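In what follows, a structure is listed as structure tokens, so that the remarks can point back to it.
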Amino acid sequence: MTDNRVAGMLLPIFSLPGKYGIGRMDEQAMRFVDQLAESRQSIWQILPLGPTGFGDSPYSSFSTHAGNPYFIDLDRLVSAGLIDQSELDIDWGSDNGRVDYGLVHANNGRILRKAFERSDDLADPSFLEFCELNPWLGDYADYVVIKDAHGQQSWDHWPQPLRRRDPRALAEFRAEHEREIAFEKWVQWVFFTQWNELHDYANSRGVKIFGDLPIYVSYDSADTWANPELFNLDDDLLPITVAGCPPDSFSATGQLWGNPIYDWAEHERTKFAWWVQRLSYQMRRVDILRIDHFRGLESYYEVPAGSEDARFGEWRKGPGMKFFAAVRTQLGDLPLVLEDLGYLTDEVEQLREQTGYPGMKPLQFAFDTREAADYLPHSFTKNCVCYTGTHDNDTLAGWLDGIRPKDFEMAKVYVNELGNDVERFCWSLITCAMTSVADTTIIPVADYLCLGSQARINTPASSENNWQWRLKDGELTDEVLARIATLVGVAERG
């Protein structure tokens with residue numbers, strides 16, 4: 001993935017500080033890039049950029065290609081004369097450390113629509129070029145507008161002609177809703193114009209963007225609606241089986257994600273063309289890409305549709321090396337990282353080794369006295385990415401607060417931190433990660449700040465209080481940045 005030892009930080013876009021209810025691609029994003037550069041970081045790891053569906057999860061999006069309109073910099077619309085500043089002086093939530101998605105949803109759409117109606121961008125050559133270079137845009141805009149016209153119902157509840165993409169019905173709908181469809185395309189153009197500028201700025205400061213690609217797409221998405229033949233659906237276009245994972249330490253009943261399962265035979269028949277296109281679009285936007293739930297490409301867990309939980313699913317073989325060979329043949333050797341966490345088998349580990357791509361090593365998984373540890377730094381190889389924790393883990397401080405006493409004692413001995421001071425312990429673990437042999441180390445920003453569980457990004461198998469935490473303006477101080485820079489130097493990273 002890299003040519004030398006490097007360090008980076010994990011911070012979702014929505015977690016950036018700012019004025020309008022959620023992190024955006026604005027001056028605060030540019031400032032964070034500057035802070036990364038000042039602290040000798042080479043990587044900014046983010047979460048998926050897509051528009052979030054119900055539950056606000058970036059891993060449950062209405063499109064694998066589209067960008068989240070919530071992240072659009074509204075101040076730039078003011079500068080362009082499309083919005084008056086007074087129109088932004090509204091209620092965005094009382095807590096600037098949390099995202100209030102209800103308010104963001106209500107305010108954002110109204111503001112963007114006003115800006116669109118005041119613009120004359122539809123004839124702009126760059127807008128027309130954007131539409132031409134992104135053929136997914138038509139299906140996405142159709143999907144969003146049809147969904148809105150039918151009370152936000154999932155596409156399987158639409159009238160049959162639209163549900164089955166009857167050409168005549170689609171043509172009639174497009175003619176009747178031409179302006180609304182144009183609006184959705186315009187929003188995506190604005191998003192990616194701003195994203196490309198942020199990405200370019202990061203690269204100019206020596207920072208690479210580390211993106212994230214969910215292995216599955218949502219059933220209620222433009223992707224499934226536009227490509228039903230690529231999924232395990234019945235004659236009524238309903239899922240036969242859905243994705244999840246079996247019972248584990250996170251949940252005694254497993255996790256029922258509900259995503260449709262791929263028809264891997266059809267993907268293989270088409271030389272994985274849909275996947276190749278998907279990866280190709282992603283690599284236009286980021287410099288490094290994590291494939292979420294990589295083990296699902298070796299074997300995946302599927303549950304009969306309609307099940308109450310994931311206890312009664314079955315494992316099926318995935319495409320394995322055929323997938324990676326097809327991608328390499330058509331796109332070359334991409335800078336990928338494989339999320340090889342969770343229930344692993346020898347076959348999964350062998351597949352990762354065969355691909356040559358690095359896996360992930362979170363230190364929070366290292367100190368478990370109940371079983372042999374695969375995540376202790378002395379067992380690492382260079383070809384891996386070491387984390388203190390991922391977006392699915394508690395913060396280091398939160399984890400230390402709830403750790404089992406025996407595991408705590410093991411961690412104390414390992415990092416030679418015999419006291420109980422949480423901040424000292426957090427920095428000892430960060431130092432352990434940074435000085436490991438791993439080529440790449442990524443630390444969540446909340447861990448550098450030694451924040452407790454209130455800064456946790458996501459709790460798997462829970463629908464409460466996820467994807468909400470935000471960094472507050474000024475919280476990442478010059479003192480902290482200098483300390484990070486010193487550690488990066490000592491660890492010979494950067």
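We count residues from 1, following the sequence as given. Model, not experiment: these values are computed from the prediction.
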Just by distance, no angles: are the side chains of [X] and [Y] close enough, under 3.5 Å, to form a donor-acceptor pair?
X: T64; Y: D223; answer: no
X: S154; Y: D156; answer: yes
X: N108; Y: R24; answer: yes
X: N203; Y: D287; answer: yes
X: N458; Y: D392; answer: yes
X: R316; Y: S299; answer: no

Centres of the [X] and [Y] rings: under 6.0 Å?
X: W275; Y: F323; value: yes
X: W257; Y: H293; value: yes
X: W186; Y: F191; value: no
X: W155; Y: Y219; value: yes

Original post:
How are the rings of F192 and W136 set relative to one another: parallel (under 30°), tilted (30 to 60°) or perpendicular (over 60°)?
Top reply: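 Rings of F192 and W136: perpendicular, over 60°.
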Original post:
Is the number of heavy atoms from other residues, nucleotides or ligands under 6.0 Å of E308 CD greater than 12?
Top reply: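 No, CD of E308 has 12 or fewer neighbouring heavy atoms, counting only those of other groups under 6.0 Å.
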Original post:
Is there side-chain contact between L16 and L471, with at least one heavy-atom pair below 4.5 Å?
Top reply: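 No, their side chains stay 4.5 Å or more apart.
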Original post:
With a 4.5 Å limit on heavy-atom distance, are the side chains of L279 and L331 in contact?
Top reply: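 They are in contact (side-chain heavy atoms under 4.5 Å apart), so the answer is yes.
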Original post:
How would you list, by chain and number, every residue that makes a side chain to side chain contact (heavy atoms under 4.5 Å, CB included) with T193, sequence neighbours excluded?
Top reply: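 For T193, the residues satisfying side chain to side chain contact (heavy atoms under 4.5 Å, CB included) (neighbours in sequence not counted) are W189, E197.
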Subject >> Lys/Arg-Asp/Glu bridge criterion (N-O < 4.0 Å) met for K147, D220 >> reply: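 Yes, K147 and D220 are salt-bridged.
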Subject >> From CA spacing to verdict: salt bridge (charged side-chain N to carboxylate O under 4.0 Å, His left out), R311, D309 >> reply: CA-CA 6 Å; R311 287 177 294 174; D309 56 48; 2.9 Å; yes
Subject >> Main-chain N/O of A222 paired to S63 side chain as donor or acceptor, under 3.5 Å >> reply: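 Such a contact is absent between S63 side chain and A222 backbone.
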**OP:** Quick one: which residue pairs count as a ring pair (Phe, Tyr, Trp, His ring centres under 6.0 Å) with a foot in residues 380-404, not counting sequence neighbours?
**Re:**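 Qualifying pairs, neighbours excluded: Y59-H391.
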**OP:** Go through the steps for R290 and D292 under the test salt bridge (charged side-chain N to carboxylate O under 4.0 Å, His left out), then give the verdict.
**Re:** CA-CA 6 Å; R290 185 187 89 129; D292 176 60; 2.9 Å; yes
